[in-house]
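Everything below concerns the one structure shown next.
The model shown is predicted, which means the values in this text are computed figures rather than measured ones. To find a chain, count down the sequence lines: A is the first, B the second, and so on, and within it residues start at 1.
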Protein chains: 2
Amino acid sequence: MRSVSQQTLQRLPLYLSYLKSLMPDLPPNISAGNIAQALGFGEVQVRKDLAAVSAGGRPKLGFVTADLMADVKHYLGCDNIDDAVLVGAGKLGKALLTYEGFFEYGLDIVAAFDSDPNVREKSISGKRIYAVEDLRGFCMENNIRIGIITVPADKAQPVCDRLVDAGILAIWNFAPVHLKSPDPILIRNENLAASLAILSKHLVETFAK
Amino acid sequence: MRSVSQQTLQRLPLYLSYLKSLMPDLPPNISAGNIAQALGFGEVQVRKDLAAVSAGGRPKLGFVTADLMADVKHYLGCDNIDDAVLVGAGKLGKALLTYEGFFEYGLDIVAAFDSDPNVREKSISGKRIYAVEDLRGFCMENNIRIGIITVPADKAQPVCDRLVDAGILAIWNFAPVHLKSPDPILIRNENLAASLAILSKHLVETFAK
DNA sequence: TAGATTGTTAATCGATTAACAATC
DNA sequence: TAGATTGTTAATCGATTAACAATC
């Protein structure tokens, strides 16, 4: 096992996702060539990526599929489940609270927070919704490290500040704004609109003429 | 204006998003250095990215902020609004239907489709929800090119097939599965769980020891 | 053995960075 | 003019690809 580049890291979840898609009829073995073809990548690239995180395959046979899955999962840290809190129980927030598959990837959203008292009455798929005032106490007490922001754009920065104050180390931000935070905090912006712009651009280039 | 690399294309929406975040007090001018610092990129990198899509800045002054925004928007194709349909009006689907900012980036979700007759009664933020059976007719009639999939994982492939059959050219897939489609169709997988795995990995690496 | 597939080493390609000249 | 900032050219860096040796 050796060091993994940024690009490889980006592709690893795709391999895992593809392997999972083969369930429940998981073939006992799978070759880098198979995977490459399915995902439209180069064969050598896949082999190199897998070599970086797996125990290795066998010539002629390929990789033991189950082992490969386990290795990729392990590398991505899907083993050690991280608890997270979510702020903003609007439609997107609710969607994430019920999204299938986070747990599979090592994330457990343990609670949600919202400023609207009316939302707080219900719990979403077994997760309670608390007042934003309780955020700090909850995070401190439960040693939460990941926060998810699904509030409107204009509320995102104050929420970010609150999360940092609550001891959060990494933030997954769905609000379409650029957040400022002190240095050691890790922020991943999931700007869906921006992400779409790239699709749209590709579309134009591919089919324009 | 010259050719734009994959990486530059990925960063352009971030520049746009940052510039938007300065509103409503948009400064008349802005330098590549300013932007670089705000986003944590290299100064030269930003300058090169912007040079590729903008009319150019002025030494000492920087770029005219409004012009720069317009240029980036234009390059990303945010000018020509694309109509899209969404299949699967569950929580995530509803969230996307009401998501702020898609229109700003050139996407207009004009209708949603769902297999559940009960969901169909209401419309979400002015958008009607139709039966999946009407998908083909609607897309053909309205010349829709983009489809968004927000159904559960096990329903995604049939929906994908339907969309292709309806003449859709690009698909934005939120279901955590790997979709198969005939060659010319453009598929962008938005696997939120996978995307999260990368955040989680960074977190471990940054704070582990 | 022959064929398939792995992993490695070297060559190519592309993107980032550094240095610098140009300009307001 | 001096200083800030742009854009360009060349050098560096990193990732992908190609060729090949190793192995089951």
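Taking 4.0 Å as the cut-off between side-chain N and carboxylate O, B:Arg136 and B:Asp165 count as a salt-bridged pair.
One interatomic measurement links the two molecules: CG of A:Leu9 to P of D:dT16, which rounds to 12 Å at whole-angstrom precision. Residue B:Asp49 contributes atom CG, which lies 12 Å from atom P of D:dG7 at whole-angstrom precision. Distance B:Glu43 CD to D:dT6 P: 7 Å, rounded to the nearest Å. The CD atom of B:Gln37 sits 11 Å away from the P atom of D:dT5 (whole-angstrom rounding). Protein atom CG of A:Leu50 is 9 Å distant from nucleotide atom P of C:dT6, rounded to whole Å. Between A:Phe41 atom CZ and D:dA18 atom P the separation is 16 Å, expressed in whole Å. Per the geometry, CD belonging to A:Gln7 stands 8 Å off C1' belonging to D:dG14, to the nearest Å. Distance B:Gln10 CD to C:dT16 P: 11 Å, rounded to the nearest Å.
Of the inter-residue distances, the one linking A:Ser200 atom OG with B:Asp82 atom CG reads 5.0 Å to the nearest 0.5 angstrom. The line from CZ of B:Phe41 to OH of B:Tyr15 is 5.5 Å long, rounded to the nearest 0.5 Å.
Looking only at distances, no side-chain donor or acceptor of A:Asp67 sits under 3.5 Å from a matching main-chain atom of A:Asp71. Side chain of A:Thr65 to backbone of A:Pro28: a donor-acceptor contact under 3.5 angstrom is found. When atom types are taken as modelled, the side chain of A:Lys155 and the backbone of A:Thr150 share no donor-acceptor pair closer than 3.5 angstrom. The closest donor-acceptor contact from the side chain of A:Ser54 to the backbone of A:Ala51 lies at 3.5 Å or more, if one exists at all. B:Asn34 places a side-chain N or O within 3.5 Å of a backbone atom of B:Ser31 that can act as its donor or acceptor partner.
For C:dT6, the OP1/OP2 oxygens have a side-chain nitrogen or oxygen of A:Arg47 closer than 4.0 Å.
Within residues 58-70 of chain B, the residues that have a heavy atom under 4.0 Å from DNA chain C are, in order of number, B:Arg58, B:Pro59, B:Lys60.
Mapping A:Gly42 and B:Ser31 onto DNA chain D via the closest heavy atom, the residue that lands nearer the 5' end is B:Ser31. Heavy-atom distances to DNA chain C give each of B:Arg11 and A:Asn34 a nearest nucleotide, and the one nearer the 5′ end belongs to A:Asn34.
Applying the 3.5 Å distance criterion, the base of C:dT6 shares no donor-acceptor pair with the side chain of A:Lys48.
Side-chain contact of B:Asp161 with B:Gln157: a donor-acceptor pair under 3.5 Å is present, judged by distance alone.
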Dot-bracket for DNA chain D, please, read 5' to 3', with Watson-Crick or G-U wobble pairs under 3.5 Å on both distances, ( ) within the strand, [ ] crossing, | other strand, . unpaired. ..||||||||||||||||||||||
